[in-house]
Structure formats: structure tokens, C-alpha cells
Amino acid sequence: MLLSHARNHALQTARPLPALLKSLFFNRLEGCLYRYLERRLTHHLLQCLQRLYPGVVLPGIVIEQPPKVELGDFAIPFFPFAKPLRSAPLKIAEAIRAEIGPIQGIGEMQVSPPGYLNVSIDRGWMAAALAADAKPTVELPRGKILVEHSSINPNKAAHIGHLRNAVLGDTFVRLLRYAGRSVDVQNYIDNTGVQVADVVVGFTRIEKKSRAEIEALSKGPRFDYYCWDLYAQVSKWYEADKQNLQVRLQTLHAIEDASTETAAIADLISVAVLRRHLETMDRLGIEYDFLPRESEILHLHFWDAAFTKLKEAGVLAYEAEGKNKGCWVMRRAGTSKSNSTTEGTEGTEGAEGGTEKDKITEEDQKVIVRSNGTVGYVGKDIAYHMWKFGLLGRDFGYRKFYRYPNEHDCWISTADGEKDHPHFGDVAEIYNVIDARQSEAQNTVIEALRGLGHNEAADHYTHFSYEMVALTPRCAAELGYSLSEEDKTRSYIEVSGRKGFGVKADDLLDTLIESAKKEVDSRHPQLSDSERGEIATQIAIGALRYFMLKFTKQSVIAFDFKEALSFEGETGPYAQYAVVRATSIFRKAGIDPEIFSGGGAGSISAVDLARYLNGEAGNEFWELWLASSKTSYVVEKCIATTEPAYLAKHVFQLAQLFNTFYHRHPILTEADDRRKQFLLATVVVVRRELIRALAIMGIIVPSVM
RNA sequence: GGGCGCGUAGCUCAAACGGAUAGAGCAUCGGAUUUCUAAUCCGACGGUUGCAGGUUCGAAUCCUGCCGCGCCUACCA
């Protein structure tokens with residue numbers, strides 16, 4: 001791979017852009033100029049080391065980023081080389097610097113104590129490519145990717161926890177698509193589970209409503225809110241008399257039989273609530289391609305097909321005695337197989353236990369099929385995931401369910417569906433956006449795939465794990481919940497749909513829009529109310545989506561209205577505002593930024609750019625250009641680590657650099673026309689990258705703010 | 001008990017494979033607007049990275065042991 005970059009060593013300053021682009025394509029570089037230079041540098045360093053120290057076994061080269069631009073753009077520490085080469089790191093760095101020779105796109109190199117080689121990018125070269133928006137070709141892995149996210153139980157309104165899931169998932173989808181991958185988005189619907197059963201119980205037993213009455217209600221606005229309250233009520237009803245739990249069990253069974261009235265009511269409720277969820281997510285620009293439902297996994301006998309294969313492969317074991325007598329069990333993921341063999345010298349039972357191969361201790365057993373013959377959710381999940389990878393030998397029926405304003409259709413599973421439908425499933429890689437509490441269950445599914453011999457599928461199965469959203473005690477108090485003394489001292493309190501304790505997604509969005517609207521109203525009274533409303537909505541979504549992405553996945557978000565409602569500092573609106581300012585410069589100048597970036601900015605020569613970017617005076621500008629060059633690099637990093645927070649960080653840094661630049665350099669009043677052109681080119685590139693990066697986060701920039 | 005994760009400024013969070021002076025935002029205090037929009041910018045204050053050892057040229061990061069917290073550990077989903 002590195003060899004393909006090896007040709008074309010000559011450093012050609014002020015090379016005309018078309019030739020430059022041609023060479024870029026010729027070298028088939030990675031998707032990003034910054035990454036390209038990094039790879040190229042690595043390659044030359046390796047060659048150089050081989051020339052200088054033939055035959056010596058050396059550690060790998062690590063390329064870092066220096067803490068400040070003055071120090072250069074890449075830093076290579078030579079400390080690990082000191083011992084094998086029996087030389088001081090500084091001396092080695094110096095030797096490399098003297099030997100390495102020119103590299104296209106790379107400028108100066110300096111040795112820096114205590115043992116770094118600092119390498120600078122050829123600023124003019126890089127800026128010219130950036131201004132022209134040079135897009136190098138990339139070789140993509142083949143195959144479709146399936147991202148599953150949201151998967152909200154269709155029995156109550158979506159809350160902030162679901163929002164985190166959906167925003168993370170949707171952003172990850174956008175990241176993959178930006179990187180050129182083909183992605184299907186699925187939202188798994190558990191429409192036959194306990195949670196739906198509970199709401200059915202609420203309607204039929206507590207409220208004693210008929211199917212027709214429920215249907216009428218379901219057509220009203222925000223039916224999911226009604227269910228939210230009812231669900232909390234049912235939980236109390238169960239608590240009041242444990243006998244009531246019998247009703248839940250009966251209802252659950254009735255729902256699984258599609259021919260019953262109860263099943264019809266459950267379907268009515270779950271479909272109506274699901275529709276509400278899609279509407280809520282649509283407000284945030286989140287769309288799905290397919291909604292597989294548990295009812296079809298049941299009715300199309302996905303489990304039967306999986307069960308047969310699992311038994312054949314010996315993944316499942318039948319328990320003839322003990323706690324799990326009569327069940328089919330699997331080894332719980334993460335438990336070790338060799339408990340008895342590692343320290344097997346002890347105990348005489350070892351001989352007896354050893355004869356039964358792979359005997360799983362009760363503690364390590366995960367029940368997949370209950371003794372009454374019904375299958376648990378992990379079992380259904382195994383079947384579903386075999387389907388995802390095209391390993392089950394069965395398929396869903398499909399029908400259109402929801403049409404987005406942009407004409408995009410979202411499909412849903414049915415027992416027998418439409419003839420013509422897109423092909424879902426049978427993918428090369430999957431990502432499941434599911435909270436961290438389910439990691440054991442997720443790993444168990446992966447182990448089942450391995451047990452079936454599908455190691456490749458298991459290797460391409462990623463549990464995109466994230467932590468929950470909880471409420472700060474203050475926030476809980478604001479919502480009117482009385483807290484125990486113990487709760488008051490906690491840093492956060494878990495939301496509970498069962499208790500009706502939480503912040504609903506639509507409520508939060510409404511509050512955000514209202515708050516943004518007040519600001520917009522006062523700033524732009526000349527605009528029409530609908531225009532102001534649209535801007536406020538875009539700002540609200542920007543604030544919300546940014547808020548959900550600024551935290552790393554493993555951090556529990558302690559939700560607080562004060563922070564979530566903030567439009568200042570490290571927020572979405574801060575970044576949106578930077579773009580609005582950039583756009584407004586062009587508006588005042590009477591230039592279309594899109595046209596300028598095609599003609600004006602792209603036609604500035606590398607020499608001209610270098611004039612302003614080189615030297616100490618150019619550092620502040622270069623910092624901005626360099627940051628702008630990193631969008632694709634950051635996207636790759638986000639995908640590789642399944643961590644969208646890096647993108648949020650990137651956006652904020654870029655916006656922050658731009659705001660400083662904006663403050664220090666008045667552009668429209670700039671007398672020197674060449675300098676003015678340079679400043680405009682800077683703005684246009686930063687603006688373009690900010691808009692792109694924000695779009696990947698699902699954030700649109702308003703016309704004015 | 002076992003498994004996973006967390007502990008960094010008053011608060012909320014960052015910190016690339018172990019690298020240069022541990023960074024942001026909020027809060028507090030002090031400044032900046034005849035200017036392309038102040039949802040902005042500049043400055044100040046704020047740290048023994050939970051504790052104790054270890055590994056090495058170098059540790060917030062890796063290892064061991066403690067302390068504290070959360071989640072998982074159902075014939076629920």
C-alpha cells in the first residue's frame with residue numbers, strides 16, 4: 001500500500017494546480033490530504049531509516065501532532081530509537097533530517113529537544129489544494145453496512161435517552177455515508193413485548209376502553225403522551241396488587257397469537273406510537289429505511305430456523321436438571337470456559353465434570369429457550385442477526401409504512417408484503433447502537449454467531465455502546481419529582497419510563513424552539529413569523545444535536561435544562577453563528593460564496609497563498625487552514641473508533657478559530673486587494689468545511705441568526 | 001461474589017499507540033462595539049489527574065493493590 005505512494009519524490013513548488021491534482025489521483029491517496037501527507041511522510045521516514053541503519057530492527061514510527069503550529073504540523077519522537085541505535089534521540093532526528101531529502105507537500109523540518117523531528121507542511125501547496133477542494137480518490141471496502149438505532153419500545157413517548165441513541169446513530173450513518181459507504185438504517189420494533197402488553201392492560205383493564213375507543217384516541221395528537229402517563233399508571237397498578245401481574249402474563253400470551261382481539265389492540269397501539277416516534281425523529285432530520293418488527297420474527301418463524309441451526313452446531317445445550325431444568329441454554333458471553341481445567345488439581349469432582357465436555361455452570365448459563373418452550377429475546381435477537389448477515393435462509397415481507405417530506409419511503413415488516421421492495425439484510429457489516437447495559441446480551445449474540453461458525457460475521461458485528469442519559473437532581477426537582485435524601489446527593493438519577501420519570505423528546509424540542517424563537521424575534525423583527533420560526537427550529541435542533549454529540553459515548557450525560565438550553569460557548573448555535581458571520585461577509589460584499597469558491601478561491605495560486613501563510617505572521621491563518629483540512633481525517637477517526645464526539649470537537653475548534661480570525665481581521669474594509677482576496681479565500685474554505693461537518697452532525701445553518 | 005465502566009479546575013467535560021507547559025465550556029471577576037451581527041472576542045482566577053506502589057528516557061493514559069460510584073449478573077425485554 002505504501003509503495004503506491006513511493007513514486008514522484010520531487011518537490012515542486014508553485015506547481016500548477018491541474019498538474020498537482022493529476023498527481024494526487026495518480027498516487028491514489030487516501031480520502032484526505034492531511035492523512036495523505038502523514039502516510040507519505042511515514043513511508044519516507046522508513047526508507048530513510050533503512051538507508052541509514054541497514055539491518056537494525058527498529059520500533060514503529062509514531063507520528064504525532066505538535067502542541068503548537070510554530071513547532072510544525074507533524075512531530076516524530078525518536079526516544080524509542082535511542083536504545084537500538086545506541087545514539088541520542090536528538091542526533092538520530094538530526095541524521096534523518098539531513099538524509100531524508102525533499103517530499104512533495106512537505107516543507108521544513110527541524111530538530112527539537114528533547115528528541116523530536118518536527119515537520120512542516122508546505123503551506124502554499126496544501127492551501128491551494130484545499131481552496132480547489134481537491135478530493136482524492138479513495139478505495140472503499142465493498143459491501144453494505146447496516147446501522148440499527150433508536151429501537152424504542154412502541155408503548156410511550158420517546159425521551160431524552162432515546163434522543164441520544166437516535167442522534168448518535170443518525171450521525172454515525174451520516175459519517176459512513178460521507179465516507180462513501182452504502183448504509184441501510186434500521187429501527188427494530190419490539191411490538192410484542194411486555195412494555196406494549198402493559199399499555200394494553202392499561203387501556204383494557206384500568207380504563208376499560210374498547211378497541212374503537214382506543215383507535216379514536218390513537219388518531220388524536222400526541223397519542224404517545226397519553227400512553228406515557230398510562231404506562232406509569234399500570235406500573236402502580238401492578239405494585240398495588242401483585243395478583244394483577246397475572247393479567248400482564250395473559251395479555252403477553254394473547255398478543256403473541258395474531259388472531260386475538262388483544263393482539264389487534266396491541267398492534268393498533270404499537271403502530272400509532274411508532275408513527276409518533278417517526279414524527280418526533282423526523283423533526284430532527286432522522287430517517288429510517290426499514291422497521292423490522294418482532295411480530296414478524298415470531299410469525300415468520302425466524303426462531304425455528306435459527307433454533308435448528310443452533311442445535312446442530314451445538315451452540316445450545318439442553319439442561320436436564322438444576323435451576324434451569326428443561327431449558328435450552330447458552331454460555332453467557334464473557335464467562336470463561338476453563339474454570340475447572342486451569343486449577344483442576346483440586347477436588348475429586350474434577351474427573352466427573354471433565355468427562356462432560358463444555359459443561360456450563362448454572363451461574364454462567366443464559367436461558368435462550370424457557371422450559372415452557374417459548375424463546376427469550378436473546379434468542380430472537382440471534383435469529384434477527386443471522387438474518388442481518390443473510391445467514392438465516394428466511395426473509396421478511398415488506399410494505400411501505402411512512403413517507404418522509406423528501407419522498408423517501410420507510411418500509412416495515414409484514415407477514416406477506418408487497419412484491420416489489422428494496423433488498424434489506426444480507427449485509428457485510430453491522431453496527432448496533434444500543435446502550436451499555438445490554439453489552440452482555442450483545443456479546444452473547446456475537447458468540448452465538450461464532451458458535452455457528454460465522455466468524456467473519458462476528459468480526460463485523462459492532463456493538464456501538466453508549467451510556468445512558470440521566471437527570472441531575474436539580475432537573476428532577478424542577479420537573480416536580482420529590483427526591484429522597486439519598487437521591488439529592490447523587491450526581492445523577494436514572495430516568496424511568498416505567499415511573500413516567502423523564503424528559504420527553506418532543507417537550508424538550510418545543511422548549512428549545514420556544515427559547516430560540518424569543519432570541520430570533522428580538523434580533524430580526526423585520527422577518528415574518530414563519531421565517532423566524534424556521535430559524536428558531538434550526539437553532540434548536542443545532543443545540544440539541546450538538547449537545548447529544550459533545551460528550552464521549554462512555555460518559556453518562558447528567559441532563560440539565562440550563563446546559564441543554566444554552567446557545568453560547570461550546571454549543572451547536574456557536575458553530576452555526578460562525579457560519580452565519582462568514583456568509584454575511586459575502587452577502588455584504590455582494591459575492592456568492594459558492595461561486596467564489598469555484599472561481600475566486602480556486603484560482604489563487606499556491607505562491608500567493610504561501611505569501612500570507614508562511615512565516616510567523618502566517619501562523620494564525622495557517623492554523624485555520626490546517627484545521628479546515630482535517631474534516632475527512634476526523635471523519636475517518638470517528639468511524640474507526642465509533643466515536644462521533646471527535647467531530648463535535650472538530651467543529652467547535654474550527655468555529656472558535658474562525659471567530660478569533662473574524663474579530664482580528666476586518667475584511668470588507670481591507671485596502672490591499674490581494675490580501676483581501678486571501679482573507680476571503682480563507683473564509684470560504686472554513687465556511688465550506690464547517691457547513692460540511694455540521695451537516696454530518698445533522699445540523700443545518702440558518703440564513704441569519 | 002463475578003463481569004463491564006467511571007473517578008481530571010467550584011460545575012460539566014476534553015486530552016491521538018504512553019510524549020513537549022494536562023486543555024475547553026459554564027460560573028466568578030475585569031476589559032473590548034464610530035467596524036463584516038456582542039448567540040462574539042481578549043484577559044484573570046481556578047489542578048498533588050481518588051489513594052499507594054510498580055513498569056521507563058517519559059504516565060491522567062499501561063500493571064498491581066486499595067477507596068468511592070454506576071451499570072450488568074431474571075425461565076423480563
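Predicted model, so just to flag it, every value in this text is computed and none were measured.
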Report which part of the nucleic acid [X] touches: base, sugar-phosphate, or nothing (heavy-atom distance under 4.0 Å, all strands).
| X | value |
| --- | --- |
| A:V62 | base |
| A:H463 | nothing |
| A:S439 | nothing |
| A:R490 | sugar-phosphate |
| A:K83 | sugar-phosphate |
| A:K325 | base |
| A:Y574 | sugar-phosphate |
| A:P80 | base |
| A:F551 | sugar-phosphate |
| A:V556 | sugar-phosphate |
| A:V634 | nothing |
| A:G376 | sugar-phosphate |
| A:Y662 | base |
| A:K323 | base |

Legend entry - Any N/O donor-acceptor pair, A:N118 side-chain to B:A20 base, under 3.5 Å: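 Present.
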
Legend entry - Quiz item: A:S584 side-chain donor-acceptor pair to B:C36 base, under 3.5 Å: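 Counting by modelled atom types and ignoring angles, no donor-acceptor contact under 3.5 Å is found here.
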
Legend entry - Parallel, tilted or perpendicular: ring planes of A:F621 versus A:F661, cut at 30 and 60 degrees: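 Perpendicular, since the angle between the ring planes exceeds 60°.
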
Inset, instruction - Measure the acute angle between the ring planes of A:F551 and A:F547, then classify it against the limits of 30° and 60° as parallel, tilted or perpendicular. - result: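 The arrangement is perpendicular - the two ring planes meet at more than 60°.
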
Legend entry - Short side-chain N/O contact to B:C42 OP1/OP2 from A:T660, under 4.0 Å: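 So the side-chain polar atoms of A:T660 do come within 4.0 Å of the phosphate oxygens OP1 or OP2 of B:C42, strictly under.
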
Inset, instruction - Using only heavy-atom distances, determine whether the side chains of A:S120 and A:D73 contain a donor-acceptor pair under 3.5 Å. - result: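 Side chains of A:S120 and A:D73: no pair found under 3.5 Å.
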
Inset, instruction - Report yes or no: do A:E620 and A:H665 form a side-chain donor-acceptor pair below 3.5 Å? - result: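 Side chains of A:E620 and A:H665: pair found under 3.5 Å.
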
Legend entry - Atom P, compared across B:G10 and B:C4: separation rounded to whole Å: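 The same atom, P, in both gives a distance of 32 Å.
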
Nearest to the [X] side chain among [options], which nucleotide is it?
| X | options | value |
| --- | --- | --- |
| A:A75 | B:A20, B:C71, B:A15 | B:A20 |
| A:L668 | B:C36, B:C76, B:U12 | B:C36 |
| A:E64 | B:C26, B:G19, B:C75 | B:G19 |

Legend entry - Distance (rounded to the nearest 0.5 Å) between A:F586 CZ and A:L668 CG: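 Nearest 0.5 Å value for the CZ-CG distance: 9.5 Å.
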
Legend entry - Runs of at least three consecutive pairs that involve RNA chain B, where pairs are Watson-Crick or G-U with distances under 3.5 Å: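 Paired runs of 3+ in RNA chain B: B:1-7 with B:67-73, B:10-13 with B:23-26, B:28-32 with B:40-44, B:50-54 with B:62-66.
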
Inset, instruction - Please answer whether B:A20 and A:Y116 are stacked, defined here as ring centres separated by less than 5.5 Å and planes angled under 30°. - result: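 So A:Y116 counts as stacking on the base.
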
